[in-house]
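Residue numbers start from 1 in every chain, and the chains themselves are labelled A, B, ... in the order their sequence lines are given, proteins ahead of strands. These numbers come from the heavy atoms of this one structure, side chains and all, not from hydrogens, waters or symmetry mates. Keep in mind it's a predicted model, so treat the numbers as computed, not measured.
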Amino acid sequence: MNQIKVRYFAAFREATGIETERVNTAAGSAAELFSECAGRFDALQSYTAAMVAINDEMSDWDARLQDGDEVLFFPPVAGG
Amino acid sequence: MNAFQITSGAIDLEAFRRQLLDRSCGAYVQFDGWVRDYNEGQQVLRLEYEVYQPMAVKEGNRIIEEAIERFGISNAHGVHRSGLMELSDVAVVVGVSSPHRAAAFDACRYIIDQVKARLPIWKKEYYANGNAEWVNCRHCAPTN
């Protein structure tokens, strides 16, 4: 099990009602962690259009997680 | 100073342009993004940008380095706003100076396109009918 800090932004933060949480998880990848979180928060339906960052670097969804990582879930961006 | 910055205050466009003055350059191209009063059939009253600043600054600077490398321009800067914005406010500005105009136009277009696609910035629009919605996010979470 890894302890991971998860942060939710914008629509994800409003949908979950939380900005950050610590989770103990067996999820091996960012995608598995998102699915696990979506299992607890019905509002997190799909990450297909979203992006993920690990420790402040953009990441692939299949990136492997390590104990102590901070995982940032970004809904579709809309700058400009 | 970072070539790409986030600010919660109004952007001083004259000061922004001055930073890019360069005697070896014969061309300057600037893109301003304004807050528009409609989107997808809805009347927009104002909007709000949420920015994850540490990564937005880092990624914005990366984009500018890419543009300098790719198009051979001399200088490029960008600024994006955060927080509440009113109609016609300048939400984002990109400026490029270069010896010749073709590279300046191409690089400016590249930077704003990449900024919109890659920076961790989210836009919430407030509509005349009282609703508010995160743009591009209708299907990623139920709205209140």
Among the clusters formed by ILVMFWY side chains lying less than 4.5 Å apart, do B:Val51 and B:Val57 turn up in the same one? yes
Counting N and O atoms only, with roles assigned by atom type, does the side chain of A:Asp56 sit under 3.5 Å from a partner on the main chain of B:Met55, one being a donor and the other an acceptor? no
Strictly by salt bridge (Lys or Arg N to Asp or Glu O under 4.0 Å), give each pair with a member in residues 52-61 of chain B just once, sequence neighbours left out. A:Glu57-B:Lys58, B:Glu59-B:Arg62, B:Glu59-B:Arg118
Proximity breakdown for B:Ala117 and chain A, heavy-atom pairs closer than 4.5 Å: backbone
What are the residues of residues 21-28 of chain B, in order of number, with any heavy atom under 4.5 angstrom from a heavy atom of chain A? none
Distance-only, no hydrogens or angles: does the B:Tyr49 side chain make a donor-acceptor pair with backbone N or O of A:Gly80 under 3.5 Å? yes
On a heavy-atom basis, which atom in A:Val77 and which in B:Asn136 lie closest, and how many Å separate them? O-ND2, 3.0 Å
Check: A:Pro75 and B:Trp122 side chains under 4.5 Å, non-hydrogen atoms: yes
A:Val71, A:Tyr8: one ILVMFWY side-chain cluster at the under-4.5 Å cut-off? yes
Relative to the ring of A:Phe74, is the ring of B:Tyr52 parallel (under 30°), tilted (30 to 60°) or perpendicular (over 60°)? tilted
Select one option (side chain, backbone, both, neither) describing which atoms of B:Pro54 are under 4.5 Å from chain A's heavy atoms. side chain
Residues from residues 89-109 of chain B approaching chain A under 4.5 Å (heavy atoms): B:Val92
Are there residues of residues 19-28 of chain A that reach to under 4.5 Å of chain B by heavy atoms, and which ones? none
